[in-house]
Structure formats: structure tokens, C-alpha cells
Amino acid sequence: TCQVHFESSNWKSLSIKRLTDSRLHGSTGLRSGSQANFFPPLEDAMLPSGSFNNRMALITGGGTGLGRAMTATLSQLGAQCIIASRKLDVLQRTAEEISSQTGNKVHAVQCDVRDPQAVSQCVDQIEALTGLPDVIINNAAGNFVCPSERLSPNAWKTITDIVLNGTAFVTLELGKRLIQNQKGASFLAITTIYAESGSGFVVPSASAKAGVEALYKSLAAEWGRYGHRFNIIQPGPIRTKGAFSRLDPTGAFEKAMIDRIPTGRLGTPAEIANLAAYVSSNYASWMSGAVIRFDGGEYVSLAGEFNELRSVTPDQWKLLEAMIRKTKGS
Ligand SMILES: CCCCCCCCCCC/C=C\C=C\C(=O)SCCNC(=O)CCNC(=O)[C@H](O)C(C)(C)COP(=O)(O)OP(=O)(O)OC[C@H]1O[C@@H](n2cnc3c(N)ncnc32)[C@H](O)[C@@H]1OP(=O)(O)O
Ligand SMILES: NC(=O)C1=CN([C@@H]2O[C@H](COP(=O)(O)OP(=O)(O)OC[C@H]3O[C@@H](n4cnc5c(N)ncnc54)[C@H](OP(=O)(O)O)[C@@H]3O)[C@@H](O)[C@H]2O)C=CC1
């Protein structure tokens, strides 16, 4: 177990041998990460079946990862979905797989969201296929870890174009047409927890995601009068090939990441899909301008200065408390 050496009564001399996940955490009996047993992910769709009957949903980046999971859930709940991104073959495969499972049509439309003309043509195609959507999920993104001093102007432009400009082009193009047609809609943007805090090594993504949050909060205030709701989900880490291969290519950081999550595990695509479905549904028709952090507690865990004290055992606390109580005056 942990060893505490009192070489002096100074806090700095308290040497705590940190426990690894394979060793017991003091007398609590918890193994690092074993708290995940308290928080099992539920994978089935949460909303009543048919919640999205007769509704059209556009999911950008819906061919892979979290976008694919959101598409599967909305489709299962009755929506006709359109998924849009650059790789038509990937989109078509996903669309066929989901359609064949749910019995509801999923359409695949090629679109590079960085190009406003392509976005406009994509919306033309959507209008022809299904009419204007009732649900828009801006999920497409680009990202990679990189020290900022190594970023080229084009690297910066690539990420900010996909994330901020792409979201703006899709949102404005659809918003204008919906307004013209006097049709309401739910807009949802998928950002990240570091949109709020900022983060080194993913600076273009952090900057662009913060911009997306400002865009969505602003439009929530401005376009409620047209029947439009705007909300934001900030996911914590959820394993997808797209994210993990670009943010932790060797897998070296995964354990440390899980250790700092109070619920002891990564999120799952199905869990975020259920949340996105709820936010986009009529059950949430009073929700607008909301920023929902969905991260197993990672953000607050990273933020609190004293949270590292989780590794102090009950026996060590007895010693610490005795030292603190002994202190008189300042
Ligand atoms: C303590 C560490 C903890 C680790 C935790 C790991 C797990 C964490 C999970 C939590 C995740 C949180 C947030 C996630 C946010 C996300 O957005 S994840 C989604 C990621 N998905 C994608 O990125 C999919 C799409 N991506 C792409 O298509 C490409 O990656 C790209 C580069 C974004 C776009 O492709 P393309 O247009 O083809 O661009 P290129 O021409 O290839 O490149 C454009 C310029 O960018 C430069 N570049 C490309 N890659 C890099 C790199 N790795 N480093 C530096 N620069 C790069 C490239 O050289 C081009 O610039 P130049 O023309 O100047 O050369
Ligand atoms: N997974 C995680 O842990 C986290 C993810 N997120 C966010 O969740 C969302 C989904 O990420 P995730 O599923 O993990 O990763 P993916 O890489 O699987 O998803 C990104 C999607 O964006 C699409 N895309 C990229 N560039 C463009 C473009 N120029 N035009 C149109 N579509 C584009 C990709 O499709 P294509 O290549 O066909 O264009 C892909 O389907 C993103 O917004 C991401 O920032 C946030 C926090 C944590």
C-alpha cells in the first residue's frame, strides 16, 4: 500500500508513493477505474419509439464515430436521416447499414463543409430528397495534436475552416431557408470540454470550438423568433477511430485519461446519441442556448486544484489531519 515518510513535519516532505490501477486504493477497496462498475453505460435508445416519426434529421459527419451513432439512434426512433461529409463511399456504407437495421431511409450526401458553395448545393439536394430538416446536428470536425509552434498557416486554416466556418456555413444556409419557409428546427453543435477552458496542443480546435459555442449561444438568442432552438453538447473522451488516432496515436495517454475521470471510464457513442436525440426531440422544446457537458466528470476533475488528494489514503489522512490540527497561528 502507500508509504508516507515523515522526514519532517513539512507538507513537502510527505512522499506519497502513488498507486497504480492494479493496486488497492488505501482501505476503500476500490481499484483505480473500478468505480466504473457504478456507472454502467446503457446502450438502448432512451426515448419512446416513434419519437422522430415524420421528422428529417441532417447529421454532418454522420458516416463515422459519434455522428454515426447519433444517426443510428435517430433512425431507430423514426427519423429520416441525411448524413453529409466528404467521403461518399463511407457515407453510403453507413446509410445502407443503418437503413437495413431500422427500416427507415438514410440518405448519403457528399459535402465538404469548408466550401460554402458545396454546402449550398448539399442543401439543394436535401430539399429535393426530404425537404428542409427539422433537426440539424453539426458534428463534422477535424483535429490533431500538435505543438502550436509546429502549426503551418494551412494547418490552422484547415481545422478552423472545418469546425467554425463549416458549422457556420451549414447553420446559416439552412437557417436562412428555414426562415424563408417559416419552418422551425432544432440545431445542435457538438463541441468539446476544452472549448470552455482552452487547451494546449489542440489550439486550432479549441479556438474554433469556442467560436462554435459563441455562434450557437448568439443564434439561440436571435432566432428563437423563427422557431429555432440552438444547443451545444461538450463530450468528454469517447473512443472513435477519428479522434483517438489523431489525439493519442500510440495509446500512451489513455490510462492517465481514464484515471482522471471520476466515473472511471470513457463515454460510449450510444450514450451521447441518446443525449443528442433528447436535445433534438420535442421533449426538449424548451431547451435553447444550453451547453451540456457530458464527460463523466473529467472537466471538474481537471479543474480543481486539490483533486490530486484523491490518492491520499485514510491512514495518510489521519497523519495529515494531526499535522494540520497541531498548527497554531499563522
Ligand atoms: C494528454 C493527452 C490525452 C490524449 C487523449 C486522447 C483521446 C482524447 C479524446 C477526447 C477528444 C476531444 C476532442 C476531440 C475533438 C475532435 O474534433 S476529434 C475528431 C477528429 N476527427 C478528424 O479529424 C477527422 C477528419 N480529419 C481529417 O480529415 C484530417 O485529419 C485533417 C488534417 C483535419 C484534414 O484533412 P485534409 O483536408 O486532407 O488536410 P491535409 O491536407 O492533410 O492537411 C492540411 C494541413 O494541415 C497539416 N497537418 C495535417 N496533419 C497534421 C499533423 N498531425 N500535425 C501538423 N500538421 C498537420 C498539413 O501538413 C497541411 O498543412 P500544410 O499544407 O502547411 O502542409
Ligand atoms: N470522440 C471524442 O472523444 C470526442 C469527439 N468530439 C467531437 O465529436 C464529433 C465527432 O467526432 P468523432 O466521431 O470522434 O470523430 P470522427 O473523425 O469519426 O468524425 C468526424 C467526422 O467529420 C467529418 N468531416 C471532417 N472534415 C469534414 C469536412 N471538411 N466536411 C464534411 N465533413 C467532414 C468526417 O467525415 P469525412 O472524412 O467523410 O469528411 C467524420 O465523419 C466532432 O465534432 C468532435 O470534435 C468532441 C469531444 C470528444
Side-chain angles (χ1 to χ4, degrees), residues 58-71 83-95 108-116 118-119 122 137-167 169-170 188-197 199-206 208-209 212-213 232-261 266-269 271-273 275-276 293-296 298-299 302:
L58 167 67
I59 303 97
T60 66
T64 65
L66 307 187
R68 180 191 165 113
M70 292 176 215
T71 306
I83 53 179
S85 73
R86 295 166 300 175
K87 300 192 187 90
L88 190 58
D89 56 331
V90 174
L91 293 170
Q92 283 169 338
R93 213 174 317 126
T94 297
V109 177
Q110 188 167 33
C111 179
D112 187 330
V113 296
R114 292 174 284 197
D115 175 356
V119 170
C122 166
I137 304 185
N138 270 291
N139 163 80
N143 199 4
F144 47 75
V145 281
C146 181
S148 300
E149 65 273 21
R150 293 172 65 94
L151 288 170
S152 68
N154 192 37
W156 175 274
K157 188 171 175 339
T158 299
I159 301 303
T160 55
D161 270 353
I162 300 171
V163 175
L164 177 55
N165 291 337
T167 302
F169 295 151
V170 171
L188 172 63
I190 308 300
T191 62
T192 140
I193 57 172
Y194 60 68
E196 215 163 296
S197 57
S199 176
F201 304 97
V202 283
V203 173
S205 169
K209 293 283 194 184
V212 169
E213 294 199 349
I232 294 156
I233 296 177
Q234 302 173 326
I238 301 174
R239 180 186 299 289
T240 65
K241 183 180 169 197
F244 278 50
S245 64
R246 292 178 174 91
L247 301 173
D248 186 16
T250 66
F253 296 101
E254 181 164 334
K255 184 186 168 306
M257 193 172 58
I258 291 174
D259 281 351
R260 72 188 180 216
I261 300 177
L266 303 177
T268 70
E271 286 180 295
I272 195 170
L275 177 59
R293 193 186 297 139
F294 192 62
D295 71 341
E298 187 186 28
Y299 185 89
L302 285 166

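None of the values given here were measured: they were computed from a predicted structure. Counting starts at 1 for both ligands and their atoms, in listed order.
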Could you tell me if any non-hydrogen atom of [X] lies under 4.0 Å from any atom of ligand 2?
| X | answer |
| --- | --- |
| G236 | yes |
| I162 | yes |
| G166 | no |
| L266 | no |
| K241 | no |
| V90 | no |
| T60 | no |

Under 3.5 Å between any N/O of [X] and any N/O of ligand 2: does that happen in this structure?
| X | value |
| --- | --- |
| V113 | yes |
| R246 | no |
| R86 | yes |
| R239 | no |
| P235 | no |
| A84 | no |

Scan the protein's non-hydrogen atoms and note whether one is under 4.0 Å from [atom].
| atom | value |
| --- | --- |
| atom 18 (S) of ligand 1 | yes |
| atom 41 (O) of ligand 1 | no |
| atom 56 (N) of ligand 1 | yes |

Can you confirm whether [X] sits close enough to [Y] that some side-chain heavy atom of one is under 4.5 Å from a side-chain heavy atom of the other?
| X | Y | value |
| --- | --- | --- |
| S85 | T60 | no |
| T167 | N165 | no |
| E298 | R293 | no |
| N139 | L66 | yes |
| E196 | Q234 | yes |
| L188 | I233 | yes |
| P249 | F144 | no |
| K87 | Q110 | no |

Return the option from [options] holding the heavy atom at the smallest distance from [atom].
| atom | options | value |
| --- | --- | --- |
| atom 20 (C) of ligand 2 | G142, A141, G61, A243 | A141 |
| atom 51 (C) of ligand 1 | F144, Y194, W156, F201 | F144 |
| atom 3 (O) of ligand 2 | I137, V212, I238, I159 | I238 |
| atom 45 (C) of ligand 1 | S85, S245, A155 | A155 |

Do you know which two heavy atoms are closest between [X] and [Y], and how far apart they sit?
| X | Y | result |
| --- | --- | --- |
| C122 | A84 | SG-CB, 4.3 Å |
| N143 | S205 | OD1-CB, 3.2 Å |
| K209 | I190 | NZ-O, 2.9 Å |
| A95 | I83 | N-CD1, 4.0 Å |
| P237 | I261 | CG-CD1, 3.7 Å |
| S199 | Y194 | CB-CB, 3.7 Å |

Could you find the nearest protein heavy atom to [atom] and give me its residue, atom name and distance?
| atom | answer |
| --- | --- |
| atom 11 (C) of ligand 1 | L247 CD1, 3.4 Å |
| atom 12 (P) of ligand 2 | T240 OG1, 3.5 Å |
| atom 5 (C) of ligand 1 | M257 SD, 3.3 Å |
| atom 37 (O) of ligand 2 | K87 NZ, 2.8 Å |
| atom 3 (C) of ligand 1 | F253 CB, 3.7 Å |
| atom 13 (O) of ligand 2 | L66 N, 2.8 Å |
| atom 31 (C) of ligand 2 | C111 O, 3.2 Å |
| atom 42 (C) of ligand 2 | N139 O, 3.1 Å |
| atom 23 (O) of ligand 1 | N143 N, 3.0 Å |
| atom 6 (C) of ligand 1 | D248 CB, 3.4 Å |
| atom 45 (O) of ligand 2 | K209 NZ, 2.8 Å |
| atom 41 (O) of ligand 2 | T64 OG1, 2.7 Å |

If we only consider heavy atoms of [X], is any one of them less than 4.0 Å away from an atom in ligand 1?
| X | value |
| --- | --- |
| R239 | no |
| R150 | no |
| S205 | no |

[X] heavy atoms, cut-off 4.0 Å: which ligand 1 atoms fall inside?
| X | answer |
| --- | --- |
| G142 | 22 (C), 23 (O), 33 (C) |
| I159 | 33 (C) |
| G242 | 20 (C), 21 (N) |
| S152 | 61 (O), 62 (P), 64 (O) |
| A141 | 17 (O), 21 (N), 22 (C), 23 (O), 24 (C), 25 (C) |
| R114 | 37 (O) |
| C146 | 54 (N), 55 (C) |

Applying a heavy-atom cut-off of 4.0 Å, say which part of [X] lies close to ligand 1: side chain, backbone, both or neither.
| X | answer |
| --- | --- |
| T158 | side chain |
| R86 | side chain |
| R246 | side chain |

Could you tell me whether [X] and ligand 1 have an N or O pair separated by under 3.5 Å?
| X | result |
| --- | --- |
| R260 | no |
| N154 | yes |
| T192 | no |

State whether a side-chain donor-acceptor pair under 3.5 Å links E213 with T191.
-> yes
Pairing of D112 and R114 as salt bridge, 4.0 angstrom limit = yes
